[in-house]
Amino acid sequence: MTTPRPTPPRLRRRFDWSLACLLGAVLLLACSCSAVGWNWDTPMTTVIPKSDFGMLIHDIFMLISWWTLGIFLAVETVLVWVCWRYRDRAGAPIPKQIHGHTTLEVGWTIAFAVILLVFAIPTIRVIFKTQEAPAATALRVDVLGHQWWWEFRYPQFKITTANELHLPKGQTATFLLNAPDVIHSFWMPQLGGKRDVVPRRVNHLTLTPQVAGEYPGQCAEYCGVSHANMRFRVYVHEPADFEKWVKQQQAPPVESPDPLAQQGKTIFSSSACVGCHTISGISAGHIGPDLTHFASRTRFAGALIDTTPDNVAKWIENPDHMKPGALMPNLGMTPEQSKAITAYLLSLK
Ligand code: CUA
C-alpha cells in the first residue's frame, strides 16, 4: 500500500518584477529594431520574394514553419495535459514512473527520425533545384566581391559597372561569383542567395527576377572593417528598359564642355587615379570601380553614399573619413582639385 505524501506548504504567488523587466526590454528592443532598420519600400527580407529562387526558399520556409508549428502544438498539448493530470494534489499517490521504458524510447527515437526524413525530402528538392545549371540563353553576369564594393561585368555586352546590378524582368540570369581578395557573400534577400564569393573559385547562382523594381543587396560574410558598408542595389527592369540601359552603358561617356569639368579631366588623367580606375578612352585601371558612366549611378562606395557633388568631393578629399577602412588612398587633393574632378565625374552620364 502506498503511503500518502505530506501536503507541501502552499507557495505564495508573487509578481516577478525581474522577469517582467526582462520581457519589457526585449519587446522594446524588438520594436526599436523594426522602426530603425525596416524600409518598407525596399525591405531587406526573404519573406517577400520577387524571383523564382526567392519563391522556392520562401515556400520551403513556410512549409517547414507550418509543420513545426503543428509539432509544437501537439507536444505542448500533451505537456499541458500531463502537467494537469499528474499535478501535485494533497493525498495523491506518486504516478507510475516510466523512466527506462525501452519501447517508449525506441518509439520516439524512430518517430523523430521519420519526421526529420519527411522534412528532408522537400528541402533536398529545393537544394537541387536552386543549384541547377543555367540554360544557355541565360544572361551572364560576372560578380566580383571587392573589399568593400561590388563589381558587375556583363561579358556579352562588354559592360562593367559597380554597386548597381541591372537585370531584365523574366529573363534567367546566371551569376559567376568570384573574389579578388577575401571571402564575401552575395545576397539579394528578395531575389536570392546568399552564396559565398570565394577567391580562386567560381561559384554559380541562377535565378529569374519576376517583378520589376529596386532591391537592396548586401555582403553577408564578414570581410573586414567595412563589411557592413558593402552593399549594392539591384534594378530589375522591363526588358525594353533594360535594353535602353545596356545601350546607354555601351555608348562612350558624355563629357561636359564646362571648363571646371575639363580641368577635372586633366587632373584625373595626370594623377594616380588612372592607376586604379577605368574611364573609357582615358584610363584602364582595374583596382577600383569603373567610372566610365559614374554619373549614371545613384550611389557609390558600396552603394553607401548618394552620388551628390558634395559627397563626391568630400570622398575624393578623404575617402576613409566617409567610409571606414576604404582602400582608396587619400591623394592629398585640394578642395579646388576635388571639386574639379567631381565636376568631371558627374558629367560622365
Ligand atoms: Cu564583403 Cu562582407
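Quick caveat: nothing in here was measured; it's all calculated off a predicted structure. Whatever order the structure lists them in is the order used to number ligands and atoms, beginning at 1.
- In this structure, W81 and Y86 have perpendicular ring planes: the angle between them is above 60°, well past the 30° mark.
- In this structure, the side chain of Q147 does not engage the main chain of G224 through any donor-acceptor pair within 3.5 Å.
- Its N, O or S atom nearest to atom 2 (Cu) of ligand 1 is what matters here, and for H227 that atom is ND1.
- Contact annotation: Q147 places no N, O or S atom under 2.8 Å from atom 1 (Cu) of ligand 1.
- Among heteroatoms of the N, O or S kind in H184, ND1 lies nearest atom 1 (Cu) of ligand 1.
- For E221 atom O and C219 atom SG, the angle they make at atom 2 (Cu) of ligand 1 is roughly 90°, to 10 degrees.
- Counting heavy-atom neighbours within 6.0 Å of K339 NZ, excluding the residue itself, gives a total of 12 or less.
- Between Y222 and H227, the angle of the ring planes goes over 60°, which puts this pair in the perpendicular group of the 30/60° scheme.
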